[in-house]
Amino acid sequence: MLIIRMEKHLSDMAHGDLALMEYAICNIISEVMHNHFHIWHTRDVHDYIVVLVSMKHSTTMSYSRSETPQTLLEQYAAQIQTNVQLYLKGAISISVSNWGKFPHEIGELYERTVMSMRKRMGQVQGLFVTASDETDANPLHTIRSLYQPPTLISLLEAGRFEDVEQKIEHIFEELLHSNEHHDIAESTFEVYFAIAGAFAYIIHKNGKQISSLIPAESYRYFQAPSYSTAQQLQDWSMRTLHYIRDDAEQELRDNHSTIVRSVKSFVDLHLAGDVSLPAIADHVHLHPVYLSKVYKAETGEALTAYVYRLRMEKAAYHLRTSTAKVFEIAELVGYNNTAYFIRVFKKFYDLTPQEYRENLPV
């Protein structure tokens with residue numbers, strides 16, 4: 001793998017010109033290397049050009065015995081750097097990785113090669129770095145699952161708590177697996193800060209204080225790392241996640257209860273007017289379909305059934321306590337068509353409004 005960084009003059013170009021320059025650089029790479037290598041290239045999120053190369057099996061014997069694939073690759077990389085300076089009048093820095101197996105070692109090769117480039121940021125431009133320049137024979141293992149999308153923060157924001165739990169389990173599986181070849185103390189520190197930071201972010205975004213949401217024995221982890229093993233940190237992460245989830249679910253229940261109260265108040269006050277589902281949804285600022293689901297989940301009764309039942313109960317109340325005519329009562333409960341009102345009333349009580357009134361005890 002080659003990681004190529006365009007230096008000043010090239011990197012300062014406008015986006016369209018930068019894309020054109022990337023295209024020109026990749027053409028130079030293809031011209032220089034095509035005899036011995038298959039080539040794939042792309043640009044990463046850091047605006048580095050990432051070039052993946054593979055030896056052409058038909059030409060593996062076309063170079064001298066003193067040359068190895070690695071030395072040949074480094075020679076070509078140096079030539080690419082020279083040609084870019086000559087033809088494009090700009091400097092590039094190149095970091096050349098060791099060889100790896102496709103595809104499962106690509107991620108590790110990429111991370112190491114980018115890290116090699118970043119270690120030398122701020123040095124003279126036009127760097128040429130190879131894997132042999134690296135003195136760290138046993139680099140720290142990167143916990144990649146910490147940063148792979150969807151991130152902890154995005155999952156927490158979406159309320160996908162089961163997925164957060166699975167991601168945390170995956171993170172700690174990777175962390176503990178890294179212990180086979182690496183000291184995980186610093187990696188555990190990285191995991192702690194990433195998880196604690198994500199938890200603090202979502203708690204604060206929800207308008208809460210950590211100390212008010214998390215019990216004292218868990219809150220002390222936010223004040224200072226208090227774990228002695230990775231397992232203790234995982235246990236704390238899961239406990240804290242459950243506190244956050246329980247709070248979110250309780251808030252949702254409270255919010256749903258508030259919605260139901262607001263709906264019932266609106267319907268009661270406007271029973272003679274428009275209490276259609278769209279009108280009610282507009283009042284509580286929710287989509288009608290979502291409102292229907294919330295109301296049914298909270299009360300066990302469909303919202304339209306509640307409106308119908310309330311109209312019938314109010315109509316019966318007026319029939320019992322007033323001498324108002326049937327058409328007047330129909331209007332009081334939102335029916336402008338008296339015949340239709342009589343039909344729905346009879347369906348509900350098995351009596352017409354007049355029969356209902358006549359059957360009242362004296």
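The chain is numbered in sequence order, starting from 1.
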Okay, side chain of [X], backbone of [Y]: is any donor-acceptor separation there less than 3.5 Å?
X	Y	value
Ser154	Thr151	yes
Glu190	Ile143	no
Ser237	Leu233	yes
Asp274	Ser276	yes
Arg309	Tyr306	no
Tyr87	Ala24	no

How are the rings of Phe189 and Phe193 set relative to one another: parallel (under 30°), tilted (30 to 60°) or perpendicular (over 60°)?
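Correct class here is perpendicular.
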Parallel, tilted or perpendicular: which describes the rings of Tyr221 and Trp236, with under 30° parallel and over 60° perpendicular?
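Rings of Tyr221 and Trp236: parallel, as their planes differ by under 30°.
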Stepwise, does the side chain to side chain donor-acceptor pair (under 3.5 Å) test hold for Arg357 with Gln354?
CA-CA 5 Å; Arg357 179 173 270 170; Gln354 189 61 37; 5.0 Å; no
Consider only side-chain N and O atoms of Gln70 and Glu74, and report whether a donor and an acceptor are under 3.5 Å apart.
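Yes, because at least one side-chain N or O of Gln70 sits under 3.5 Å from a partner of the opposite role on Glu74.
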Please tell me whether Asn27 and Glu31 have a donor and an acceptor in their side chains that are separated by less than 3.5 angstrom.
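Side-chain D/A pair, Asn27 to Glu31: absent.
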If you look only at distance, which donor and acceptor atoms sit under 3.5 Å apart when one is on a side chain in residues 331-345 and the other is two or more places apart or in another chain?
{"residue": "Asn337", "atom": "OD1", "partner": "Ala339", "partner atom": "N", "Å": "3.1"}
{"residue": "Asn337", "atom": "OD1", "partner": "Tyr340", "partner atom": "N", "Å": "3.0"}

May I ask you to check whether over 12 heavy atoms, not counting those of Asp350, lie within 6.0 Å of atom CG?
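No, CG of Asp350 has 12 or fewer neighbouring heavy atoms, counting only those of other groups under 6.0 Å.
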Answer with yes or no after comparing the ring centroid distance for Tyr308 and Phe348 against a 6.0 Å cut-off, counting only values under it.
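Judged by ring-centre distance (under 6.0 Å), Tyr308 and Phe348 do meet the cut-off.
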Could you list the donor-acceptor pairs under 3.5 angstrom formed by side chains in residues 259-272, with sequence neighbours left out?
{"residue": "Arg261", "atom": "NH2", "partner": "Thr258", "partner atom": "OG1", "Å": "3.2"}
{"residue": "Asp268", "atom": "OD1", "partner": "Lys314", "partner atom": "NZ", "Å": "3.1"}
{"residue": "His270", "atom": "ND1", "partner": "Phe266", "partner atom": "O", "Å": "2.9"}

